[in-house]
Amino acid sequence: MFIEKLLDGVVEVQTPIGPRYLMPSSFLQRMYLLWMFRNFTVLPQAVLNPRQKRLIERMCGEQGFVSRSAVEGIDELPIIGTVERSPVVGAPPLPPRRPAASESGSIAAEVRQQP
């Protein structure tokens, strides 16, 4: 499996719109990515060092994201590792949640109404 990842592996990037895949452009990139994911198969973007973040960002910029359905045969390619991209901290918050009809008479609804 290690040799397959070294020859044909892809990196999965978890985004808010679903998983996307990146193909390393060189053998050295694959080696570095295999080393990066040597202990864990899934890494949050926050734990990557600046060099690793730049590599992932550069790969995203060079080739863009590819979904599994867009590339024929990507299902057979081994996944080197997965990067979890969290939403941007400065992103606008989601609109407030509307209370469910069953909450209108509950204690939780009364607590929310108190200042």
Side-chain angles (χ1 to χ4, degrees):
M1 188 63 158
F2 176 78
I3 298 298
E4 292 171 358
K5 287 182 181 181
L6 192 59
L7 296 175
D8 296 320
V10 296
V11 176
E12 181 179 24
V13 180
Q14 291 290 332
T15 66
I17 58 173
R20 299 294 182 252
Y21 299 89
L22 300 170
M23 293 185 168
S25 60
S26 70
F27 182 75
L28 289 175
Q29 274 187 349
R30 279 195 186 86
M31 282 183 53
Y32 184 70
L33 290 165
L34 279 169
W35 179 82
M36 196 168 102
F37 290 102
R38 69 190 179 280
N39 295 322
F40 302 99
T41 56
V42 178
L43 293 173
Q45 190 173 12
V47 301
L48 301 179
N49 67 34
R51 180 179 179 194
Q52 294 165 342
K53 287 180 185 177
R54 280 193 309 270
L55 173 64
I56 297 296
E57 292 299 324
R58 188 174 62 238
M59 287 175 65
C60 292
E62 287 175 356
Q63 53 188 319
F65 291 116
V66 178
S67 66
R68 247 193 207 286
S69 61
V71 176
E72 186 177 321
I74 202 165
D75 291 331
E76 291 89 32
L77 295 177
I79 295 176
I80 294 172
T82 302
V83 176
E84 293 179 336
R85 294 183 101 187
S86 58
V88 179
V89 176
L94 296 173
R97 187 179 140 249
R98 292 179 44 198
S102 62
E103 288 184 1
S104 60
S106 70
I107 295 173
E110 291 174 17
V111 170
R112 278 191 225 119
Q113 291 177 356
Q114 293 178 357

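In what follows, every heavy atom counts, from backbone to side chain, and hydrogens, waters and symmetry copies are set aside. Since we're looking at a predicted model, the values are computed, not measured. Throughout, residue positions are numbered sequentially from 1 according to the sequence presented.
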Item checked: Pairwise distance CD1(Ile80) to CE(Met23) - rounded to 0.5 angstrom -> 10.5 Å
Note to self: Just verifying a value: how many Å separate Gln29 CD and Arg58 CZ, rounded to the nearest 0.5 Å?
What the structure shows: 6.0 Å
Next item on the list: Find the distance between OG (Ser25) and CE (Met59) and round it off to the nearest 0.5 Å.
Entry: 7.0 Å
Note to self: Please determine whether the number of non-hydrogen atoms from other residues, nucleotides or ligands lying under 6.0 Å from atom CZ of Arg51 exceeds 12.
What the structure shows: no
Next item on the list: Check side-chain contact (heavy atoms from CB on, under 4.5 Å) between Ile3 and all other residues, then give those that pass, not counting sequence neighbours.
Entry: Leu7
Note to self: Can you tell me how far apart CD (Gln52) and CG (Leu33) are? Round to the nearest 0.5 Å.
What the structure shows: 9.0 Å
Item checked: Nearest heavy atoms of Ile56 and Leu22, plus distance in Å -> O-CD1, 4.3 Å
Next item on the list: Please name the pair of heavy atoms, one in Gly9 and one in Pro24, separated by the smallest distance, quoted to 0.1 Å.
Entry: O-CD, 3.3 Å
Next item on the list: Any chance you could measure Leu48, atom CG, to Leu55, atom CG, to the nearest 0.5 Å?
Entry: 9.5 Å
Item checked: salt bridge (Lys or Arg N to Asp or Glu O under 4.0 Å) involving Arg54 - partner list, sequence neighbours excluded -> none
Check: Considering all heavy atoms of both residues, which atom of Ala46 and which atom of Lys53 are nearest to each other, and what is their separation?
Finding: O-NZ, 4.2 Å
Check: Taking only residues two or more places apart in sequence or in another chain, which ones pass side-chain contact (heavy atoms from CB on, under 4.5 Å) with Thr82?
Finding: Glu12, Gln14, Val42, Ile79
Note to self: Is there a continuous path of hydrophobic side-chain contacts, each under 4.5 Å between heavy atoms, that joins Tyr21 to Ile17?
What the structure shows: no
Checklist line | Nearest atoms (heavy-atom pairs only) where Leu43 meets Met36 | finding: CD1-O, 3.7 Å
